[in-house]
S.K.: 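Structure provided below as structure tokens; questions to follow.
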Amino acid sequence: MNKIEHIGIAVKDLNSSIDIYQKLLNTDCYKTEQVESEFVNTAFFKTGDNKVELLEATSPDSAIAKFIEKKGEGIHHIAFLVDDILAEMERLYKEGFVLLSDSPKKGADNKMVCFVHPKDTNGVLIEICQEIKWI
């Protein structure tokens with residue numbers, strides 16, 4: 001794992017949260033995106049080498065809606081950038097971690113993603129992600 005790619009924060013209202021984080025981080029949101037497969041709208045901020053992703057549910061059945069219902073708004077996951085997501089998924093599986101999908105999914109911000117079950121990581125949802133490279 002190369003570095004923390006971003007911290008994901010679950011929010012109820014993306015637009016009001018964008019306003020809050022623009023003031024807090026003293027920077028503009030550089031990208032919003034809908035990820036239909038995960039039933040979320042996202043917004044990204046960059047501060048230095050770090051990124052923050054806000055996630056708003058678009059369906060009451062989404063993981064974000066369920067997270068907010070159970071735990072309230074707040075930190076949802078920490079994402080780590082990897083060079084080879086398939087190799088990292090295989091390594092984690094061999095180490096005994098439970099992956100939440102058998103293959104990477106297209107995520108936000110031009111990334112392929114896979115999540116590690118929080119029961120194996122002291123309650124923290126971990127995302128591994130790899131930049132999608134276009135030839």
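From a predicted model like this one, the values you see are computed outputs, not experimental measurements.
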S.K.: Within a radius of less than 6.0 Å around OH of Tyr30, do more than 12 heavy atoms belonging to other residues, nucleotides or ligands occur?
M.R.: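 Correct, the count exceeds 12.
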
S.K.: One pair to check against side chain to side chain donor-acceptor pair (under 3.5 Å): Gln130 and Asp84. What are the steps and the verdict?
M.R.: CA-CA 7 Å; Gln130 177 184 338; Asp84 183 338; 5.7 Å; no

S.K.: Flag the pair Thr32 / Ile18 as yes when at least one side-chain heavy-atom distance between them is below 4.5 Å, and no otherwise.
M.R.: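 In short, these two side chains touch, coming nearer than 4.5 Å.
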
S.K.: Verify the cluster assignment for Leu92 and Phe80: are they in a single hydrophobic cluster under the rule of side-chain heavy atoms below 4.5 Å apart?
M.R.: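 Yes, Leu92 and Phe80 fall within the same hydrophobic cluster.
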
S.K.: Using a strict cut-off of less than 4.0 Å between a Lys/Arg side-chain nitrogen and an Asp/Glu carboxylate oxygen, indicate whether Glu56 and Lys12 qualify as a salt bridge.
M.R.: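 Between Lys12 and Glu56 there is no salt bridge, as every charged N stays at least 4.0 Å from the carboxylate O atoms.
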
S.K.: Under the ring-ring contact (aromatic ring centres under 6.0 Å, His included) rule, collect the residues that match up with Phe115, sequence neighbours excluded.
M.R.: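 Once residues adjacent in sequence are excluded, the partners of Phe115 under the ring-ring contact (aromatic ring centres under 6.0 Å, His included) criterion are His77.
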
S.K.: Could you go step by step and tell me if Phe39 and Asp61 meet the side-chain contact (heavy atoms from CB on, under 4.5 Å) rule?
M.R.: CA-CA 8 Å; Phe39 304 104; Asp61 296 328; 6.0 Å; no

S.K.: Under the salt bridge (charged side-chain N to carboxylate O under 4.0 Å, His left out) test, which residues partner Glu88, sequence neighbours left out?
M.R.: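 So Glu88 forms a salt bridge (charged side-chain N to carboxylate O under 4.0 Å, His left out) with Arg91.
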
S.K.: I need the minimum non-hydrogen distance between Cys114 and Leu99, along with the two atoms involved.
M.R.: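 Closest heavy-atom pair between Cys114 and Leu99: SG-CB, 4.1 Å.
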
S.K.: What's the separation between atom CE in Met89 and atom CD1 in Ile85, rounded to the nearest 0.5 Å?
M.R.: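 Interatomic distance, Met89 CE to Ile85 CD1, rounded to 0.5 Å: 6.5 Å.
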
S.K.: With rounding to the nearest 0.5 Å, note down the distance linking NZ in Lys46 to NZ in Lys31.
M.R.: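 Taking NZ in Lys46 and NZ in Lys31, the distance rounds to 12.0 Å.
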
S.K.: Using 0.5 Å steps for rounding, measure from the CD1 atom of Ile64 to the CG atom of Asn41.
M.R.: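 Going from CD1 on Ile64 over to CG on Asn41, the span is 11.0 Å.
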
S.K.: Which value, rounded to the nearest 0.5 Å, describes the distance between Lys133 atom NZ and Glu131 atom CD?
M.R.: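 Taking NZ in Lys133 and CD in Glu131, the distance rounds to 7.0 Å.
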
S.K.: Just wondering, more than 12 heavy atoms not from Ile75 lying within 6.0 Å of its CD1?
M.R.: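 12 or below, so no.
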
S.K.: Tell me, with the steps shown, if Asn50 and Ile4 meet side-chain contact (heavy atoms from CB on, under 4.5 Å).
M.R.: CA-CA 8 Å; Asn50 304 302; Ile4 294 175; 5.8 Å; no

S.K.: Shortest non-hydrogen contact from Val11 to Glu73?
M.R.: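 Looking at all heavy atoms of both residues, the shortest contact is CA-OE2, 3.3 Å.
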
S.K.: How far apart are the closest heavy atoms of Ala65 and Ser59, and which atoms are they?
M.R.: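 Here Ala65 and Ser59 meet closest at CB-O, 3.4 Å.
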
S.K.: May I ask you to decide if the ring planes of His76 and Phe67 are parallel, tilted or perpendicular, using 30° and 60° as cut-offs?
M.R.: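 Perpendicular, since the angle between the ring planes exceeds 60°.
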
S.K.: If we only count heavy atoms from C-beta on, is the Lys105 to Met112 side-chain gap below 4.5 Å?
M.R.: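 Not in contact.
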
S.K.: Restricting to non-hydrogen atoms, name the atom on Ser62 and the atom on Glu38 that form the minimum distance, rounded to 0.1 Å.
M.R.: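 Shortest heavy-atom separation between Ser62 and Glu38 comes out as CB-O, 3.8 Å.
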
S.K.: Using the rule that two of Ile, Leu, Val, Met, Phe, Trp, Tyr join whenever any of their side-chain heavy atoms come within less than 4.5 Å, decide whether Ile128 and Leu125 are in one cluster.
M.R.: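 No.
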
S.K.: Closest approach of Lys66 and Pro60, non-hydrogen atoms and distance?
M.R.: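 Shortest heavy-atom separation between Lys66 and Pro60 comes out as CG-O, 4.4 Å.
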
S.K.: Please, which pairs that meet salt bridge (charged side-chain N to carboxylate O under 4.0 Å, His left out) have at least one residue in residues 114-127, sequence neighbours excluded?
M.R.: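 For residues 114-127: none.
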
S.K.: Can you get from Tyr93 to Val98 by hopping between Ile, Leu, Val, Met, Phe, Trp and Tyr side chains that sit under 4.5 Å apart?
M.R.: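 No, Tyr93 and Val98 fall in different hydrophobic clusters.
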
S.K.: With the side chain counted from C-beta on, respond yes when Asn2 and Asp83 share a heavy-atom pair under 4.5 Å apart, and no when they do not.
M.R.: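 They are in side-chain contact.
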
S.K.: Specify the closest pair of heavy atoms between Ile68 and Ala10, including all atoms of both residues, with the distance to one decimal.
M.R.: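 Nearest heavy atoms, Ile68 then Ala10: CG1-CB, 3.8 Å.
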
S.K.: First locate atom CZ of Phe44, then atom CG of Leu55, and finally report the distance between them rounded to the nearest 0.5 Å.
M.R.: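 Separation between the atoms: 7.5 Å.
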
S.K.: Is Asp109 salt-bridged to Lys51, cutoff N-O under 4.0 Å?
M.R.: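 Here Asp109 pairs with Lys51 in a salt bridge, since their nearest N and O are under 4.0 Å apart.
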
S.K.: In terms of hydrophobic clusters joined by side-chain contacts under 4.5 Å, are Ile132 and Leu81 together?
M.R.: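 No, Ile132 does not connect to Leu81 through the hydrophobic network.
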
S.K.: Return the OH to CD1 distance between Tyr21 and Ile9, rounded to the nearest 0.5 Å.
M.R.: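 Here the rounded value is 3.5 Å.
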
S.K.: In the single-linkage hydrophobic clustering (I, L, V, M, F, W, Y; side-chain heavy atoms under 4.5 Å), do Val82 and Ile126 co-cluster?
M.R.: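 Same cluster: Val82 reaches Ile126 through Ile, Leu, Val, Met, Phe, Trp or Tyr contacts under 4.5 Å.
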
